[in-house]
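No experiment lies behind these values; they were computed from the predicted model shown. In the text below, chain A, chain B and the rest are named by the order of the sequence lines, each starting its count at 1.
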Number of protein chains: 2
Amino acid sequence: MKFNELKHASGALMTDQYQLTMAQLYFRMGLHEIKAQFDHFFRSNPDYGIHKAGYCINAGLDSILDWLDQVVFGKEEIQYLRSQKSSSGRQLFGDDFLHWLSNDFNAKSINLYAIAEGRVIHPNVPIHVVEGPLAVGQIIETGLLNIANYQTLIATKAARIKQSGRGQVLLEFGLRRAQSLGAIAGARAALIGGADFSSNVGASHIFGFTPKGTHAHSMVQVFLGMGEDELAAFRAYAEIYPDDCLLLVDTIDTLQSGVPNAIRAFEELKRKGHRPVGIRLDSGDLAHLSIQAAKMLNDAGFPDVSIVLSNDLDELVIWQIITQIQEEAEHYGVDPNHLLKRLTYGVGTHLITSTGNSALDGVFKLVAINQQGEWIPTLKISENEAKTLNPGNKRAWRIYDKRGKATADLVALHDEDICDQSPLELHHPTMATKRRLLDRDEIDRVERLLEPIIMSGRRVYTTPTFEHMRALRQADIDLLDHGVLRIMNPHIYHVSLSKKLWDLKQSLIKKARE
Amino acid sequence: MKFNELKHASGALMTDQYQLTMAQLYFRMGLHEIKAQFDHFFRSNPDYGIHKAGYCINAGLDSILDWLDQVVFGKEEIQYLRSQKSSSGRQLFGDDFLHWLSNDFNAKSINLYAIAEGRVIHPNVPIHVVEGPLAVGQIIETGLLNIANYQTLIATKAARIKQSGRGQVLLEFGLRRAQSLGAIAGARAALIGGADFSSNVGASHIFGFTPKGTHAHSMVQVFLGMGEDELAAFRAYAEIYPDDCLLLVDTIDTLQSGVPNAIRAFEELKRKGHRPVGIRLDSGDLAHLSIQAAKMLNDAGFPDVSIVLSNDLDELVIWQIITQIQEEAEHYGVDPNHLLKRLTYGVGTHLITSTGNSALDGVFKLVAINQQGEWIPTLKISENEAKTLNPGNKRAWRIYDKRGKATADLVALHDEDICDQSPLELHHPTMATKRRLLDRDEIDRVERLLEPIIMSGRRVYTTPTFEHMRALRQADIDLLDHGVLRIMNPHIYHVSLSKKLWDLKQSLIKKARE
């Protein structure tokens with residue numbers, strides 16, 4: 001698509017058709033401006049089949065705010081909607097409704113509460129809460145989900161990969177395997193969740209990072225094609241980038257050709273007073289090859305140059321590489337801990353698409369409507385109990401125990417004072433008899449998770465820096481139990497309902513079933 | 001991100017950093033304008049674990065052409081590149097190179113050959129072939145892959161789902177689960193590959209479709225919250241959309257409440273002279289519920305209204321639903337064939353993310369450089385034989401047998417006349433002794449797959465309509481063997497090398513290994 005077309009597909013029309021047909025219905029019934037509350041939450045952590053996440057990292061809020069600025073029904077949007085016909089050939093959207101969209105609709109005429117980007121989040125806890133005109137909430141549903149679902153999915157994946165790589169530098173390499181322009185949001189989320197840098201030049205530009213990357217196999221191929229050799233290619237690279245010389249060593253044969261040639265180029269650089277940066281391995285047995293390469297580099301007097309690994313990495317592959325290095329390195333006279341500390345991981349496909357769980361199941365649900373100033377909770381029952389909505393205007397809390405660790409998230413009604421309740425009752429979200437009682441003296445502190453972002457249409461929130469979001473992430477991860485952090489089979493973090501919310505939910509279910 | 005930021009992330013900077021560092025190296029070595037040939041191809045069909053694709057549907061070309069128009073190093077792009085520093089603090093990209101990018105670089109100064117969108121394509125056959133200045137090919141690699149990989153992945157998934165649904169109407173519902181703006185490209189690809197319509201309003205707008213969608217559970221919830229009932233909600237919908245009345249019937253209880261209420265609303269519509277459109281089922285046992293709903297609708301005199309199914313559908317789930325209907329329907333006095341013909345499928349997550357195989361492994365490889373007018377083939381060897389490049393300037397052909405079916409794709413060198421060779425030798429791509437000889441009289445026709453798109457910077461290609469691309473798709477699918485079309489365990493379609501290409505490849509491998 002052309003760029004100016006993109007503009008009209010990514011603003012107010014970035015929605016599902018049914019949001020607009022419902023909005024027109026509300027408009028005709030005089031319901032479009034009644035106050036409604038919608039909760040955005042996800043139902044389950046990403047599950048990769050043989051491994052599963054124990055937590056998620058929140059991302060997307062600032063992109064949602066940018067998008068809300070673009071949700072305007074301008075001339076082109078209205079013209080397109082006006083052109084739509086019903087089956088009978090009549091105009092599908094009436095001029096009265098289009099007039100309202102074009103003149104009275106304001107995507108920011110809401111209260112928005114949200115959990116900050118970078119924070120650890122858990123299933124069934126509201127992440128974004130929208131209070132506002134019913135038709136506005138409905139129309140912004142799809143775009144909000146589009147932005148938040150994907151960014152949280154990728155921030156989470158990045159956090160897992162970063163954790164698996166023991167905090168070593170993580171590079172996001174996924175542009176060529178992303179869903180088109182989704183790569184930009186993906187890079188953003190990765191940079192919040194755990195990636196240190198991205199190879200994506202455009203995304204690095206707009207988010208204020210330095211993109212990373214040196215050369216591909218094709219550069220060596222060009223030299224070979226001209227009758228020269230790999231060493232000539234490396235020398236050319238070293239000459240042009242003497243202080244950023246990181247060489248891809250597997251175009252011909254990693255250990256027979258690539259590493260020896262890289263060492264020769266490094267020696268020449270060193271003689272000229274430059275410090276070579278490293279090598280990249282992109283195929284073969286990365287654990288074994290990195291040990292052998294480390295040994296050769298050590299022996300040649302380059303014990304500190306980096307070894308960048310790439311090629312279909314994910315958190316499990318990295319975990320396996322580290323395990324193999326720990327078992328195999330000493331056998332070759334290489335200190336495994338020293339080697340692990342010189343590794344950098346470049347991750348493409350599996351990070352940007354979250355391979356194995358390519359979508360987060362985030363939803364945006366109507367939980368209450370306001371009638372004459374009173375919030376009436378709304379319900380959607382499901383045969384699957386876990387999918388039955390938590391009704392009503394709610395707030396989310398995080399409870400820290402005396403070890404200082406996060407022990408549970410609690411979802412309560414908006415007018416409950418959690419701090420007053422002793423013992424605090426944490427009710428299991430679906431099982432009637434399962435609950436946990438926490439005495440006051442078992443609780444270190446309780447924390448409000450939802451912050452005000454937009455109040456009565458006014459933005460009351462300042463976008464934090466990436467550094468800040470990353471610091472929030474690290475702080476929250478440090479507050480999780482080791483069991484919850486496990487890459488495989490994590491402990492299930494408790495997400496509970498307050499007694500009052502549990503009772504309300506049960507009474508509404510009972511009433512609806514009658 | 002803000003929309004004006006997006007502009008600068010989605011044009012010339014939609015590339016990986018290493019493309020630019022390599023381009024500068026070529027520039028400094030005086031190699032940036034030597035002619036090079038790059039092949040874009042993918043290595044394997046999408047594999048969903050328990051099922052696998054036997055073919056792909058090509059998509060992305062027109063988006064690539066639109067993107068090439070945007071690949072311009074303007075003021076902001078140059079300024080960003082100029083701001084990048086090497087480790088020593090010097091400017092990473094020199095002013096000489098930036099001057100060339102800004103004044104002499106032209107992303108369209110190439111010859112581009114491509115297979116048309118909508119056509120069936122197979123692994124290891126070049127889909128896009130770029131002949132042009134080395135630095136240009138390098139810089140456009142990432143963007144071309146980004147666009148083509150994803151759109152082909154989704155067009156393929158859509159074709160599979162459409163096939164599994166026996167050609168019934170397929171609706172694309174994935175906006176909320178896509179990778180941010182990737183949803184737009186995803187909708188485009190789905191509409192080429194098999195989806196009839198999309199719920200995505202913006203994408204429908206720019207691609208010239210009518211978006212589809214009626215209402216969500218929330219609409220019924222609003223009525224319940226106001227003390228009214230499901231029937232009131234349905235009546236309101238029927239009143240406002242009398243000729244487009246499709247009702248979601250599972251908010252409370254599909255068979256006890258939803259379908260009976262829908263029938264009541266339909267009867268009222270009918271009395272007013274309108275034709276109700278249908279119902280949508282979004283939870284539970286969709287096969288069983290659609291049989292029961294069909295029976296109730298038939299008994300009420302609505303044998304023709306549609307039944308739209310949604311909720312985590314993919315090609316296997318649809319296949320299973322159809323099988324169950326065929327086995328179960330008659331037991332309830334419902335004609336299974338009649339029921340199958342009134343079904344419509346709405347598919348979200350699994351279509352837009354191609355769940356289970358969320359990225360196509362398309363690559364863009366340097367295969368030849370031109371020296372003094374002669375194409376010198378380049379090679380990249382891999383320990384994995386299947387990943388060793390097919391070198392040289394090549395052309396791709398499709399061979400049809402006397403049944404009129406496509407029997408093989410043949411990759412040959414550009415100067416070979418396939419039509420002249422008898423018998424035609426089809427060499428297995430990796431196994432030395434495996435080949436197939438086709439006598440002239442076994443061949444119905446051979447077809448050139450690659451069409452000229454851009455010649456010497458001039459576009460010589462007119463973008464076809466969606467109708468045309470869909471017709472190409474259907475025609476190509478009809479020319480495939482049933483075995484290749486199988487949803488599970490498909491036959492492997494033959495992709496072969498010409499004898500001349502095989503011999504060249506072997507001699508280059510031998511030379512490189514020496």
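Rounding to the nearest 0.5 angstrom, the gap separating the CG atom in Leu224(B) from the NZ atom in Lys380(A) is 11.0 Å. With values rounded to the nearest 0.5 angstrom, Ser86(B) atom OG is found 13.0 Å from Ile240(A) atom CD1. Remark: Glu141(B) CD to Leu175(A) CG distance equals 10.5 Å, nearest 0.5 Å. Taken from CD in Gln179(B) to CG in Asn149(A), the straight-line distance is 12.0 Å, to the nearest 0.5 Å. Interatomic distance, Glu172(A) CD to Asp16(B) CG, rounded to the nearest 0.5 Å: 8.5 Å.
Evaluated for a side chain to side chain contact (heavy atoms under 4.5 Å, CB included) with Met14(B), the options Val201(A), Leu181(A), Asn200(A) yield exactly one hit, Leu181(A).
Contacts between Leu379(A) and chain B at a heavy-atom distance below 4.5 Å involve the backbone alone (N, CA, C, O). Residue contact with chain A, scored on non-hydrogen atoms closer than 4.5 Å, involves the side chain of His217(B) exclusively. If you measure heavy-atom distances from Ser204(A) to chain B, the contacts under 4.5 Å come from both the backbone and the side chain. If you measure heavy-atom distances from Tyr237(B) to chain A, the contacts under 4.5 Å come from both the backbone and the side chain. Contact of Gln19(B) with chain A is made through the side chain alone, with heavy-atom distances under 4.5 Å. For Ala236(B), the parts lying near chain A are the backbone and the side chain together; criterion is any non-hydrogen pair under 4.5 Å. Interface remark: Ala216(A) contributes backbone and side-chain atoms alike to the contact with chain B (heavy atom separation under 4.5 Å). Only the side chain of Gln70(A) comes within less than 4.5 Å of a heavy atom of chain B; its backbone N, CA, C and O stay farther away.
Most heavy-atom pairs under 4.5 Å with chain B: of the set Gly362(A), Gly49(A), Ala203(A), this distinction falls to Gly362(A). Between chain A and the options Thr210(B), Val220(B), Leu153(B), Thr251(B), the largest number of non-hydrogen pairs under 4.5 Å is found for Thr251(B). Per-residue heavy-atom pair counts under 4.5 Å with chain B were compared for Ile147(A), Leu31(A), Leu81(A), Ile252(A), and the maximum is reached by Leu31(A). Ranked by heavy-atom pairs under 4.5 Å with chain B, the list Ser63(A), Ala178(A), Gly94(A), Gly284(A) is led by Ala178(A). Chosen from Glu76(A), His350(A), Gln256(A), the residue pairing most often with chain B at heavy-atom distances under 4.5 Å is Glu76(A). Ranked by heavy-atom pairs under 4.5 Å with chain A, the first of Thr214(B), Asn357(B), Ile34(B) is Thr214(B). In terms of non-hydrogen atom pairs under 4.5 Å with chain B, the most contact-rich of Met226(A), Glu77(A), His274(A), Gln151(A) is Met226(A). Comparing Thr378(B), Leu145(B), Asp244(B), Asp62(B) by heavy-atom pairs within less than 4.5 Å of chain A, the highest count is held by Asp244(B). The greatest number of non-hydrogen atom pairs below 4.5 Å with chain B, out of Thr15(A), Leu508(A), Leu92(A), Asp361(A), is found for Thr15(A).
In this structure, Phe173(A) has its ring center no closer than 6.0 Å to that of Tyr18(B).
Ser283(B) is not listed as a side-chain neighbour of Lys387(A), based on a closest heavy-atom distance of 4.5 Å or more. The shortest distance between side-chain heavy atoms of Trp67(B) and Met1(A) does not fall below 4.5 Å. With contacts defined as side-chain heavy-atom distances shorter than 4.5 Å, the pair Gln17(A)/Lys212(B) does not qualify. Within the 4.5 Å cutoff, side-chain heavy atoms of Arg90(B) are placed close to those of Pro242(A). Side-chain contact between Gln24(B) and Tyr241(A) is present, with at least one heavy-atom pair separated by less than 4.5 Å.
Salt bridge status for Glu239(A) with Arg28(B): absent, with no side-chain N to carboxylate O gap under 4.0 Å. The pair Asp69(A)-Lys2(B) does not meet the salt-bridge criterion, since no charged nitrogen lies less than 4.0 angstrom from a carboxylate oxygen.
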Legend entry - Stepwise side-chain contact (heavy atoms from CB on, under 4.5 Å) test for Met219(A) and Leu25(B): CA-CA 9 Å; Met219(A) 189 191 83; Leu25(B) 182 142; 3.7 Å; yes

Legend entry - Val222(B) vs Tyr26(A), side-chain contact (heavy atoms from CB on, under 4.5 Å): CA-CA, chis, key distance, verdict: CA-CA 9 Å; Val222(B) 167; Tyr26(A) 297 145; 3.7 Å; yes

Inset, instruction - Apply side-chain contact (heavy atoms from CB on, under 4.5 Å) to Asp66(B) and Phe3(A), showing your working. - result: CA-CA 8 Å; Asp66(B) 283 339; Phe3(A) 195 74; over 6 Å; no

Inset, instruction - Go through the steps to decide whether Gln138(B) and Ser218(A) satisfy the test side chain to side chain donor-acceptor pair (under 3.5 Å), and finish with yes or no. - result: CA-CA 9 Å; Gln138(B) 205 76 71; Ser218(A) 55; 3.0 Å; yes

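For the residue pair Ser88(B) / Asp243(A), a side-chain donor-acceptor distance below 3.5 Å is found, with atom types taken as modelled. In this model, no donor atom of one side chain and acceptor atom of the other lie less than 3.5 Å apart for His205(B) and Glu5(A).
Shortest non-hydrogen contact noted between Leu366(A) and Gln221(B) is O-NE2, 3.0 Å. Taking every heavy atom of both residues into account, Ile369(A) and Gly225(B) meet most closely at CD1-C, 3.8 Å. Minimum heavy-atom separation, Gln84(A) to Pro211(B): NE2-CG, 3.4 Å. Of all heavy-atom pairs between Tyr80(A) and Phe209(B), the closest is OH-O, 2.7 Å. Across Gly213(B) and Thr21(A), no two heavy atoms sit closer than the pair O-OG1, 3.9 Å. Of all non-hydrogen atoms in Ile184(A) and Leu6(B), the two that sit nearest each other are CD1-CD1, 3.6 Å.
The side chain to side chain donor-acceptor pair (under 3.5 Å) test applied to Ser358(A) returns Thr353(B), not counting sequence neighbours. The side chain to side chain donor-acceptor pair (under 3.5 Å) check on Lys85(A) picks up nothing, with sequence neighbours excluded.
Atom NZ of Lys7(B) has 12 or fewer heavy atoms from other residues, nucleotides or ligands within 6.0 Å.
Side chain of Tyr150(B) to main chain of Arg176(A): no donor-acceptor pair is present (N/O by atom type, distance under 3.5 Å, no hydrogens or angles). A distance-only check finds a donor-acceptor pair linking the side chain of Asn146(B) to the backbone of Ser180(A) [under 3.5 Å].
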